[in-house]
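Worksheet: the structure to be examined is printed underneath.
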Amino acid sequence: MRQTNSSPLPLSRIDPARYSALLADKVEDFRRAFAGVDLPAVQVFASQPLGYRLRAEFRMWHTGERLDYAMFDPADPRRAVPVEDFPPAADSIRSLMPKLRARLQTEENLRRRIFQVEFLATLKGETLVSLIYHRRLDAEWEAAAQAIAADFGVQVVGRSRGQKIVIGRDWLEEEIEVDGLQLRTRQVEGCFTQPNGEVNRAMLGWARAQATEQGGDLLELYCGNGNFTVALAPLFRKMLATELSKTSVAAARWGLEANGVGNVALARMASNEISAALARERVFRRLQEQDIDLDTYRFSTLFVDPPRAGLDTPTLELARGFDNILYISCNPVTLRENVGELASSHRIDAAALFDQFPYTDHLESGLLLKRCAQAMYVT
């Protein structure tokens, strides 16, 4: 999943009494999108109706001397809607919001030309706040930010154009229990992380369940900070994970060491590059420098969690060569297109839906595709 971390969310739609019905509508939309496909029974993993978001981003709206968190109405994007409370947020974020707003409101050096505030939290209980400005930050701002970090027990990052000041650290450590494993990951400020912690736990558990009997070696594309990497690695002999972002690669390396994972090689490569390398079309120095010998791998399974655009043509060609494809998607439209393009070689063996973003139209999905001679489409 690589969509943006914030989505238009009309506050009026947040009603726990309606949650089950809204989720049922999304599930039905997914089934309609896959009409004509031999789709097995779909597992549905619901979210908590409130307190589920570990990320929240707000514009800071200035009205004279008053400062408010604000969101924008999707039906009228120019209209700012003041936010007094944000029930979807995790308790750690929700309790911090009024205290932080009061501090920003009363201290001129913190309030002046502040543009946006971003919250990042973990199930483990850590919190990071990013304060974003339309001015250069000075020593007085830094002293005030240090007081926020000390008083509220949070990490603080200040940003303006060409400037980043870190009070404490610019990352959090997450720890999540899945199948009896305590999985640790590093979540870096400004980088993608899963926004719904409990649904992420469900995604990891489902992916592990599909991978348990596959054996052999695993190739993972778009590994990000290693969220799925550390969960799946124990189920395979060897694993090669790839990611293009330098920051995410560094976080993933930390996760491998923190979890004592020794059977994973990590390469900073795009999906089309690893496709070319495996097809022996190009030789990449990055693989040679890390002593990654592709000839030593016996891949049985491909795991992908691509951007909303889905898999490109080279990656689809690569996927056709795998017995098993584990596909996590944030876009049912491109997932449906990719399933159609793989229909001549693979069938859907398992399917799941994960409600990462309640009360919005977004829905995560997971498919296990297995190689077979029979087309997926029902005649």
Side-chain angles (χ1 to χ4, degrees), residues 2-11 53-86 88-90 92-121 126-172 187-193 195 245-248 251 307 357 360:
R2 298 299 178 90
Q3 68 185 45
T4 58
N5 286 310
S6 62
S7 304
L9 179 59
L11 295 180
R53 277 199 70 103
L54 297 176
R55 299 190 73 103
E57 303 174 4
F58 302 96
R59 284 283 297 274
M60 298 308 295
W61 201 251
H62 299 252
T63 308
E65 295 298 312
R66 181 176 174 82
L67 188 65
D68 288 292
Y69 299 111
M71 300 179 70
F72 291 84
D73 188 342
D76 184 5
R78 294 185 179 183
R79 186 173 75 89
V81 180
V83 177
E84 292 291 335
D85 187 22
F86 191 60
S92 56
I93 294 176
R94 197 174 176 187
S95 64
L96 178 61
M97 286 176 62
K99 295 185 293 185
L100 178 64
R101 177 195 167 278
R103 183 69 64 90
L104 297 176
Q105 171 77 47
T106 55
E107 295 195 24
E108 168 64 19
N109 204 286
L110 292 171
R111 183 180 72 246
R112 183 164 56 90
R113 301 200 70 184
I114 190 169
F115 172 74
Q116 184 163 305
V117 172
E118 301 175 358
F119 297 92
L120 174 64
E126 295 187 337
T127 308
L128 184 151
V129 177
S130 299
L131 306 177
I132 302 170
Y133 291 82
H134 282 331
R135 67 176 177 89
R136 186 154 187 84
L137 305 178
D138 55 20
E140 290 183 4
W141 177 90
E142 188 168 352
Q146 287 173 341
I148 287 177
D151 292 346
F152 300 152
V154 300
Q155 314 301 320
V156 178
V157 173
R159 287 186 176 274
S160 64
R161 185 184 294 272
Q163 188 181 25
K164 175 181 176 181
I165 298 177
V166 179
I167 310 298
R169 44 187 163 85
D170 65 350
W171 54 269
L172 302 179
Q187 303 192 353
V188 182
E189 186 263 351
C191 293
F192 175 81
T193 55
S245 164
K246 287 184 179 181
T247 303
S248 294
F357 296 91
T360 75

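We use all heavy atoms of the structure for the numbers below, so side chains are in, but hydrogens, waters and symmetry mates are not.
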Which residues satisfy the side-chain hydrogen bond (donor to acceptor under 3.5 Å, both in side chains) test with [X], sequence neighbours excluded?
X    : answer
Q146 : none
R169 : E126
Q105 : none

Measuring from [X]:[atom1] to [Y]:[atom2], what's the distance to the nearest 0.5 Å?
X    : Y    : atom1 : atom2 : answer
Q116 : M60  : CD    : CE    : 10.0 Å
L54  : L120 : CG    : CG    : 7.5 Å
F192 : R55  : CZ    : CZ    : 8.0 Å
L100 : L67  : CG    : CG    : 9.0 Å
E65  : T106 : CD    : OG1   : 12.0 Å
R112 : E107 : CZ    : CD    : 13.0 Å

side-chain contact (heavy atoms from CB on, under 4.5 Å) involving [X] - partner list, sequence neighbours excluded:
X    : answer
D151 : R103, A147
T247 : V188, C191, S245
R79  : D73, D76, V81
A80  : W61, A70, F72

If every non-hydrogen atom of [X] is compared with every non-hydrogen atom of [Y], which pair is closest and at what distance?
X    : Y    : answer
Y133 : L110 : OH-O, 2.7 Å
I167 : A145 : CG1-CB, 4.0 Å
M97  : V83  : CE-CG1, 4.4 Å
G158 : L137 : C-CD1, 3.7 Å
I114 : H62  : O-NE2, 2.8 Å
I148 : L131 : CD1-CD1, 4.5 Å

task: Flag the pair D68 and R66 as a salt bridge only when some basic side-chain nitrogen lies within less than 4.0 angstrom of an acidic carboxylate oxygen.
output: yes
- request: Let me see the working for R53 and F357 under side chain to side chain contact (heavy atoms under 4.5 Å, CB included), right down to the final yes or no.
  value: CA-CA 8 Å; R53 277 199 70 103; F357 296 91; 3.3 Å; yes
With [X], which residues qualify under salt bridge (charged side-chain N to carboxylate O under 4.0 Å, His left out), at least two apart?
X    : value
D170 : K164
R113 : none
R135 : none
E142 : none

statement: H134 meets the ring pair (Phe, Tyr, Trp, His ring centres under 6.0 Å) criterion, sequence neighbours left out, with F115
- request: Using the side chain to side chain contact (heavy atoms under 4.5 Å, CB included) rule, take F119 and L128 through it: C-alpha gap first, then chi angles, then the decisive distance, then the call.
  value: CA-CA 6 Å; F119 297 92; L128 184 151; over 6 Å; no
Min side-chain heavy-atom separation [X]-[Y] under 4.5 Å:
X    : Y    : value
Y69  : R101 : yes
V157 : I132 : no
T127 : F152 : no

- request: Assess whether side chain to side chain contact (heavy atoms under 4.5 Å, CB included) is satisfied between V129 and E118, documenting all intermediate values.
  value: CA-CA 6 Å; V129 177; E118 301 175 358; over 6 Å; no
task: Decide if the gap between the ring center of F58 and the ring center of F86 is smaller than 6.0 angstrom.
output: yes
message: L172 vs T193, test: side chain to side chain contact (heavy atoms under 4.5 Å, CB included). Steps then yes/no.
response: CA-CA 11 Å; L172 302 179; T193 55; over 6 Å; no
query: With no hydrogens and no angle check, do the side chains of S130 and R159 hold a donor and an acceptor under 3.5 Å apart?
result: no
